Amino acid sequence: MSTLFLRTLREDPADAELPGHKLLVRAGYIRRVAPGIYTWLPLGMQVLAKVENIVREEMVRIGSQEVKFPALLPREPYDATNRWTEYGDNLFRLKDRKDADMLLGPTHEEMFCLTVKDMYSSYKDLPLALFQIQNKYRDEARPRAGILRGREFIMKDSYSFDVDSAGLQKAYDAHREAYIRIFDRLGFEYVIVKADSGAMGGSASEEFLAVSPHGEDTFVRDDSGYAANVEAVEVPQAPEMAVTAGPAHVEPTPDTPTIDTLVAALNKDHPRADGRDWTAADTLKNVIVMLVHPDGTREPLAVGLPGDREVDTKRLEAKVAPAEVEAFEEKDFAAYPMLAKGYIGPGALGESTSSHIRYLLDPSVAIGSAWVTGADEHGHHVIDLVHGRDFTADGTIQAAEIREGDASPTGHGTLKLARGIEMGHIFQLGTKYAEALGLKVLDEHGKLVTVTMGSYGVGVTRAVGAIAEDNLDDAGLIWPRNVAPADVHVVATGKDEEVFVKAEEIVRELESAGVEVLFDDRRKVSPGVKFKDSELIGVPTILVVGKGLADGVVELKDRRSGERRDIPLAEVVAEVTAEIAQPARTL
Ligand code: ATP
Ligand code: MG
C-alpha cells in the first residue's frame, strides 16, 4: 500500500446517493469522470477482473466461445433492424470525418448475426454460442447510483444460433443454468423473474434480479415460487357476469373532475340502492395518453380501469413499446372537442366513435359489470353503465398498477411486492434479427432456413455495484470472498522496523502458498488510520502484525463478524488458508 495508487476519503462524495456507491468511491475503487462514466482504479480492477472471470468461466463451461466486437460501429446494420431509430435518445450517435453515421454499441445482436452470416452457411455449422465481455454505451436518461446505471458500462453479452426452436430452447436452458452458477458465485441474493408477457410462449424471457431496496425494478412473488417483473404480470381476464344493474342513467355531478370528488358526490346525492357506500372501485376511470411511435407519429390511446387504480407507466410502456408514452396535453384536448376533460366516458372512446381513439380496458373490467363513469359532458357522469351491454372497447391492456395483496395469477394466494436490480437477462429472440439481416443456412434437405437466436446479458460493472450495495456496514465494504480484491489484508503496525520485516516475511509465505495479499506496509501512517482503511476497503480477512509479535502471535480478524483471535506465527499460513477456504457468507 506504500506504492499502491490509492487515496481513501473520509468524506462521502457529494454526488453519490447509495451507500455502496459512496464506499466504492471513498475506498478508492472507482472515480467519477462525468455522470454515468467512471474510472476503475487498481483495487477496482481486481474486483472487476474476478467478476469477469466468474462470468467467463461459466460461459466457457457451457461451450460458448469468447470473441470481441468493436464498440464503434457503422449505422447500416442498425438501420436494417430499425434500431438506429427505435433506440431513440439512448443511442450514442456520431459521425466520422467522411460524415458517415456511426454509433457506440448499446448491445450487439446485429453484429453477431452478420458475422455468423459471413462465416457460416449450413445446419452442420450449428449450434453455435458466442460471447464477449465488452464496453457498452447507452445515453441513459437517469444515470444513477454510480456504476449500477452507467452510460459506459461493461456487459457480458452472448448469443446462440440454432436451426430450430428445440435447439434454441436447449441453448436457453444452458444459459439459464450458467447464470444460476454465476449469480450463486457472485454473492448477492437474487430472484429469477418472468420478464415478458409470454407473447412468444413459455419462458421466452427471464431476468435475474438482485433483491435490493435500491432497485429500480419492482417484482412480485407468491408463495408457490412464482416471480415476475411487474411488467410481466398477467392479470387474468375477469369472467363474464350476469347483468344485475338497471338501465344506465346520466346524472349531474358538478365539480367532480377527480375520483375522490366523484365518490363523495355520489354518496351524498346518489346513494346506492343496496345500502353500501360507493367506492373508487365502482368507478371506471379513462386515462388518455399520447403514444409517440419511432417514426414520430403521435397516436392517442385511452386506458379504462377501475378508479381505485393508477396506470403503471412501466407496464404501459412495456405494452406499447417501441412507442413511447407522453402526456395528453391541453393542446391535444383542443384537437378532440368530443373529450370532456374530467368527464370522459366510453361513449367518446374507441376506434368506431367520432374520436377514433383506441380504447383498451383493464382485464378486471368484466363483461356484465356496471360502472359509474364520465358521461362525456362537463359536470355529468353516467351510473350503471354495463360493459358489453352499454359500451365496448377495442381490446384489453395490462397496464394497471399491481398492488401488494392482489390475487396471484397462479391462483396461489396473494402477491408480495419487492424491489430488485436487473443483473442479467436471458431472451429467446427467435428469428427477428436473423430475418432482418438475412441469416439463413441450408438444412439437411438443402432448403434455406432462417436461424433462430437467443440473446443473453450480464451487467458486469453493475454486478460490482450490486455486490457493494449488498455487502457493507457503517465502516466500509465487506467483499464476498469470490470477488474480494485480495484474500487477506496484512496490516503492519508499530514504529519498530522489526515489525515490517516480520510482516514482509509473512506476506511472502502467504503468497507462495497461493494467497492473494494486500499489504499495508506504510511506515508513516498511524495504526488507527490503517485499521480504518482496512475496514473501508473491505478485504474479508485482516491480519494484524504488531504488538503480538513479542508473544509470537498475530491477530486474525474477520471483517464481516468483527471476530478476532490470536494465532501463533508458525500457524499463520495454515490458519489463513483454512479461513479463506470457507465461504465468507452463506446466503
Ligand atoms: P435496465 O432495464 O436496467 O435499463 P436493460 O433491460 O436495458 O436494463 P439489457 O439490455 O437487458 O438491459 O442488458 C443486459 C444487462 O446489462 C442488464 O441485465 C444489466 O445487468 C446490464 N445493464 C443494462 N444497462 C446498464 C447500464 N446502464 N449500466 C450498467 N449495466 C447495465
Ligand atoms: Mg433487460
Side-chain angles (χ1 to χ4, degrees), residues 18 20-21 24 30 32 34-38 40 44 48 51-52 54-55 59 71 78 81 83 86-92 104-110 112 131-159 172 175-176 178-179 182-183 186 188 190-196 204-212 214-219 229-232 313-315 317-318 321-322 324 419-429 432-433 454-470:
L18 301 188
H21 177 202
L24 284 170
I30 55 169
R32 195 186 87 125
I37 305 179
Y38 286 83
W40 289 80
L48 191 57
V51 172
E52 281 189 15
I54 289 174
V55 174
M59 283 297 109
Y78 287 78
T81 58
R83 288 214 287 188
E86 265 178 24
Y87 241 102
D89 287 341
N90 263 21
L91 192 67
F92 276 104
L104 295 177
T107 170
H108 278 72
E109 279 79 0
E110 286 83 350
F112 275 78
F131 78 98
Q132 64 173 347
I133 297 176
Q134 185 251 16
N135 274 352
K136 297 277 183 272
Y137 297 85
R138 295 182 185 179
D139 197 359
E140 300 275 359
R142 287 173 294 276
R144 69 180 273 279
I147 50 176
L148 282 183
R149 183 174 294 286
R151 294 195 296 160
E152 175 183 276
F153 59 98
I154 300 175
M155 192 201 290
K156 183 288 297 174
D157 47 329
S158 37
Y159 305 86
Y172 181 91
H175 275 87
R176 194 176 192 276
Y179 275 39
I182 289 170
F183 294 118
L186 286 183
F188 47 76
Y190 69 92
V191 290
I192 306 175
V193 301
K194 249 171 75 66
D196 75 357
S205 173
E206 288 166 294
E207 286 172 359
F208 289 69
L209 303 183
V211 179
S212 164
H214 308 306
E216 289 176 74
D217 291 6
T218 307
F219 68 95
N229 235 332
V230 280
E231 288 94 314
T313 317
K314 276 195 151 180
R315 270 167 63 76
E317 279 170 350
E324 285 182 10
R419 298 187 77 79
I421 304 168
E422 183 189 318
M423 302 309 307
H425 191 176
I426 52 178
F427 187 28
Q428 296 190 18
L429 282 179
K432 181 176 167 198
Y433 288 87
S455 134
Y456 317 89
V458 171
V460 174
T461 42
R462 178 177 286 186
V464 176
I467 296 166
E469 296 304 338
D470 203 27

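None of the values given here were measured: they were computed from a predicted structure. First listed ligand is number 1; within each ligand, the first listed atom is number 1.
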Can you list the atoms of ligand 1 that are under 4.0 Å from a heavy atom of [X]?
| X | answer |
| --- | --- |
| Met423 | 18 (O), 20 (O) |
| Glu140 | 24 (N), 26 (C), 27 (N) |
| Gly424 | 18 (O) |
| Met155 | 13 (O), 14 (C), 16 (O) |
| Gly150 | 26 (C), 27 (N), 28 (N), 29 (C) |

Given [options], which has its nearest heavy atom closest to [atom]?
| atom | options | result |
| --- | --- | --- |
| atom 12 (O) of ligand 1 | Arg138, His425, Lys136 | Arg138 |
| atom 31 (C) of ligand 1 | Phe153, Tyr137, Phe208, Phe427 | Phe153 |
| atom 1 (P) of ligand 1 | Glu216, Lys314, Arg149, Arg151 | Arg149 |
| atom 17 (C) of ligand 1 | Glu422, Lys156, Glu152, Glu207 | Glu422 |

>> Which residue in the set Lys194, Arg176, Gln428, His425 passes side chain to side chain donor-acceptor pair (under 3.5 Å) when paired with Glu206?
In response: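 The passing option is Arg176.
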
> Below 4.0 Å from any atom of ligand 1, is there a heavy atom belonging to Leu148?
Replying inline: yes

Under a 3.5 Å threshold, yes or no: a donor from one side chain and an acceptor from the other, between [X] and [Y]?
| X | Y | answer |
| --- | --- | --- |
| Glu109 | Ser455 | yes |
| Tyr38 | His21 | yes |
| Glu207 | Asn229 | yes |

>> Parallel, tilted or perpendicular: which one describes the rings of Phe112 and Tyr159, with boundaries at 30° and 60°?
In response: tilted

>> Is there a polar contact, in the sense of an N or O pair closer than 3.5 Å, between Gly457 and ligand 1?
In response: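 Such a contact does not occur with ligand 1.
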
> Within a reach of under 6.0 Å around CG of Asp89, are more than 12 heavy atoms found that belong to other residues, nucleotides or ligands?
Replying inline: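 No, because the 6.0 Å sphere around CG of Asp89 holds 12 heavy atoms or fewer from other groups.
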
>> A side-chain contact here means heavy atoms from C-beta on lying under 4.5 Å apart; do Thr461 and Leu48 qualify?
In response: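 Yes, their side chains come closer than 4.5 Å.
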
> Out of Lys314, Arg462, Arg149, Arg419, which residue meets the salt bridge (Lys or Arg N to Asp or Glu O under 4.0 Å) rule with Glu216?
Replying inline: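 Of the listed residues Lys314, Arg462, Arg149, Arg419, the salt bridge (Lys or Arg N to Asp or Glu O under 4.0 Å) partner of Glu216 is Arg149.
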
